[in-house]
Amino acid sequence: MGQTPFLRILISVISGILFCRYISPPIPMFYFGLIGLAIMLLSFFTPKKNDFALRWLFGFGSMFFLFSLSAQFYQYRASQALYDFPSEATSYIGEVLDFPQNKKRSVACQVHLIYPTDKKIMLYLEPDTNSKTLEPGDQLVVYASVEPFKNLGNPDDFDYERFMQNKGFSGSAYTNSSSWFRTGERSYSLKTEALRVRAKILDIYKSFDLDNDAYSFISAITLGYKADLTDQLKDAFRASGTSHVLAVSGLHVGIIYIIIISLFSFLGKRGIALVIKQLLILLCLWGYVFITGMPVSVVRAAIMLSLLSIGNMLNRNEVNYNTLAVAAFFTLIINPFHLFDLGFQLSFASVSSILFFQPKISNHYVAKNKVIGYIWRLFTVSLSAQLGVFPLVLYYFGTFPTYFFITNLLVLPFIGVIIYSAVGLTFLTLLSSLNYGFVHLLIKILSAFIQFLINTVLKIVFFFESLPMSVLEGYHITTLQLFLIFATVLSFSYFMLHKHAKALIAFLLSLTLFLSTNLVSYFKSPIDQFIVYNSYNEPEMGYVINGQRIALSIDSLKTISHPSANIILLTDNVYTSKTSSFVLPVDYLILASDNSFSITELITFYLPKKVIIDSSIGRYAAEKIENECKKLNIAFHDISNSGAFSINF
């Protein structure tokens with residue numbers, strides 16, 4: 001604590017955020033801040049003879065004040081993300097925050113509403129030339145009904161509602177081409193200008209004559225633009241343990257930082273020349289942050305490297321826990337919701353783990369060969385980072401890449417070369433307007449070189465993804481188990497370093513508790529189920545047997561096998577204008593794909609106890625079926641509104 005004074009401040013900030021997140025105090029946190037200020041003020045009026053004994057008063061008051069301040073920031077951000085819209089369609093004025101993303105059936109835009117409310121929403125527009133050419137800062141008038149975010153309700157599904165709230169979005173809306181128009185006004189801000197600059201650099205990348213995978217890869221690792229990455233590419237990097245390569249963060253910003261340092265290496269190492277050098281480095285570093293569109297991960301890394309540059313001016317050139325705490329503090333003050341962002345958690349967990357473990361592991365072996373020394377350093381850094389992040393990966397994804405060390409060892413050297421080459425190629429492309437023949441030749445050579453490097457990286461990644469047991473799946477842990485794993489790793493490390501008996505007892509206790517919780521879940525037999533999933537694209541249903549999903553083929557008329565229920569699936573309405581002398585009793589009648597179903601017609605063929613309306617049924621048709629069920633006193637379950645439907649065996 002003494003060597004990391006900012007850690008105390010950070011603990012206060014995190015405590016305030018967590019307090020508001022999970023306690024939701026009924027009174028404004030402003031009053032807590034007044035209490036903190038009062039305690040700080042009281043510390044100045046203590047008798048001099050008690051100054052030393054009561055020295056903690058000012059520190060406690062300041063921490064309590066910061067606790068209140070961070071809680072107020074959280075409350076403000078939470079109020080901005082709160083769904084508070086009229087149920088009927090309303091006219092709104094808003095500004096586009098980012099370039100639109102093309103979806104299968106719509107164009108998705110991030111929009112900041114400025115009238116009649118101050119909220120951020122996801123706006124889905126009907127695809128056309130007008131919607132696809134929107135740019136950040138464009139002002140729109142939209143007539144739409146804003147709906148709250150809803151999870152699909154599928155088992156083990158991603159919490160989309162919480163995710164969007166953490167991003168500051170309040171709701172979503174869909175509107176057709178006739179229900180919105182541009183006003184012709186355009187706002188100018190640092191963020192929108194940064195996104196426009198990034199778009200121009202992406203246009204330069206498109207001129208490199210790279211294939212689609214290579215273009216999307218270089219866009220991701222240099223500018224943090226991942227919209228063009230295919231799901232296949234993302235899955236391959238995740239399975240090989242190199243998914244961090246695709247997210248511009250500390251690794252990539254660090255490479256750019258090294259490039260910037262080399263550009264100003266001719267300047268002096270002391271005195272005023274050193275100050276000028278570091279100021280130029282800071283200017284270029286934040287210029288890079290600007291052209292990436294200022295994403296949180298890049299800003300976070302830039303803060304840490306900026307502190308390193310400032311430390312170089314003061315002859316304190318190292319990244320330590322205090323540097324990490326300062327970066328976390330400013331990140332959370334800007335937006336307290338970043339605390340719940342997976343990228344934030346993984347980033348700080350990996351860096352703090354490297355700071356703690358890497359020096360201790362590397363001291364166990366001193367390489368005599370430079371190549372072996374490089375491999376050893378890369379191994380110790382990769383292992384140290386994994387010790388910090390693997391509990392979080394298990395908690396969020398339930399997966400663990402088994403070949404992470406080998407793939408990182410092979411892939412990471414290429415990343416630096418690719419980024420260096422991309423910077424050089426961009427510079428040459430800007431010079432191509434001078435019409436020098438050798439410049440165009442260099443551009444072709446460097447483009448082919450980058451294509452070769454990226455192809456090599458992708459071949460490595462796809463190869464390791466294809467290996468047996470490349471990723472261990474299905475190992476989800478609970479929140480309690482997450483903390484127990486961290487406690488086990490830290491207590492064991494502390495024991496190995498200091499040989500304290502208390503650390504050994506803590507290690508054995510945390511390990512025993514973890515194994516006990518794991519043993520309970522192991523002997524707890526999974527429930528076998530039949531599930532109709534909430535899927536936007538097409539009907540999706542199947543069995544879950546011993547925790548394993550078994551997909552069910554979708555036919556137009558299907559009797560679904562279940563030991564205790566009679567289930568009929570209909571995906572095509574073939575009963576119009578037909579009659580039957582026999583009515584089949586069924587427990588569950590699932591209607592999917594066809595919007596022409598009528599319960600009034602179907603009850604002459606089937607007598608269902610409950611009707612399941614699949615999400616592939618249109619909203620108007622689903623409401624019609626629901627109204628018919630209500631009139632006929634038949635129970636129903638609407639997948640779109642109520643989430644997935646399951647029947648236990």
Side-chain angles (χ1 to χ4, degrees), residues 150-161 398 473-474 476 478 520-575 580 582-595 597-619 621-649:
K150 289 193 301 184
N151 293 329
L152 295 178
N154 295 324
D156 301 324
D157 223 358
F158 174 65
D159 192 347
Y160 180 69
E161 184 179 353
E473 296 183 299
H476 287 279
T478 64
V520 170
S521 60
Y522 180 79
F523 282 109
K524 186 179 179 181
S525 57
I527 300 173
D528 295 336
Q529 296 175 306
F530 168 75
I531 301 176
V532 183
Y533 297 98
N534 189 355
S535 175
Y536 286 127
N537 300 323
E538 57 186 17
E540 183 182 352
M541 57 197 72
Y543 300 98
V544 177
I545 308 295
N546 295 324
Q548 300 295 320
R549 283 192 180 188
I550 302 172
L552 190 68
S553 61
I554 307 300
D555 299 328
S556 59
L557 171 60
K558 193 178 191 74
T559 301
I560 298 171
S561 175
H562 192 282
S564 59
N566 184 15
I567 306 172
I568 295 293
L569 167 65
L570 300 179
T571 60
D572 187 15
N573 187 7
V574 296
Y575 299 98
S580 173
F582 177 76
V583 180
L584 176 66
V586 295
D587 294 298
Y588 301 100
L589 179 63
I590 304 173
L591 305 180
S593 299
D594 196 328
N595 291 327
F597 285 117
S598 170
I599 299 298
T600 306
E601 289 180 350
L602 290 176
I603 59 173
T604 61
F605 300 90
Y606 301 102
L607 185 60
K609 293 181 180 178
K610 193 167 193 174
V611 173
I612 312 302
I613 308 169
D614 188 71
S615 54
S616 58
I617 298 288
R619 288 296 83 211
E623 290 177 5
K624 177 176 173 291
I625 294 171
E626 289 178 15
N627 291 330
E628 287 183 296
C629 287
K630 289 175 183 177
K631 289 180 181 178
L632 297 169
N633 199 27
I634 299 173
F636 64 88
H637 180 98
D638 187 347
I639 300 290
S640 293
N641 289 332
S642 305
F645 178 76
S646 62
I647 309 170
N648 296 338
F649 286 111

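We use all heavy atoms of the structure for the numbers below, so side chains are in, but hydrogens, waters and symmetry mates are not. Bear in mind the structure is a predicted one, so any value in this text is a computation, not a measurement.
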Is the shortest heavy-atom distance from the side chain of M541 to the side chain of L569 under 4.5 Å? yes
Can you tell if the side chain of F530 reaches within under 4.5 Å of the side chain of L552, non-hydrogen atoms only? yes
I want to check something: taking the side chain as every heavy atom from C-beta on, are L591 and F636 in contact at a cut-off of under 4.5 Å? no
Please confirm whether the backbone N or O of G643 pairs with a side-chain atom of N534, one donor and one acceptor, at under 3.5 Å? no
Side chains of L589 and I634: closer than 4.5 Å at any heavy-atom pair? no
If we ignore hydrogens and angles and just use 3.5 Å, is the side chain of T571 paired with the main-chain N or O of A592 as donor and acceptor? no
Taking salt bridge (Lys or Arg N to Asp or Glu O under 4.0 Å) as the cut-off, I'd like each qualifying pair that reaches into residues 585-595, sequence neighbours left out, listed once. D587-K609
Of all the heavy-atom pairs spanning N566 and P585, show the shortest one and how long it is. ND2-O, 3.0 Å
Which heavy-atom pair separates Y533 from V544 by the least distance, and what is that distance? OH-CG2, 3.7 Å
Using the salt bridge (Lys or Arg N to Asp or Glu O under 4.0 Å) rule, collect all pairs that involve residues 627-649, keeping only residues at least two apart or in two chains. R619-D638, K624-E628
Got a second to check how far L152's CG is from D159's CG, nearest 0.5 Å? 11.0 Å
Over all heavy atoms of both residues, which pair between A621 and N595 is shortest? Give the atoms and the distance, please. CB-O, 3.4 Å
So E626 and N641, do their side chains get closer than 4.5 Å, heavy atoms only? yes
Find out whether I612 and I567 are in side-chain contact, i.e. whether some heavy atom of one side chain is under 4.5 Å from a heavy atom of the other. no
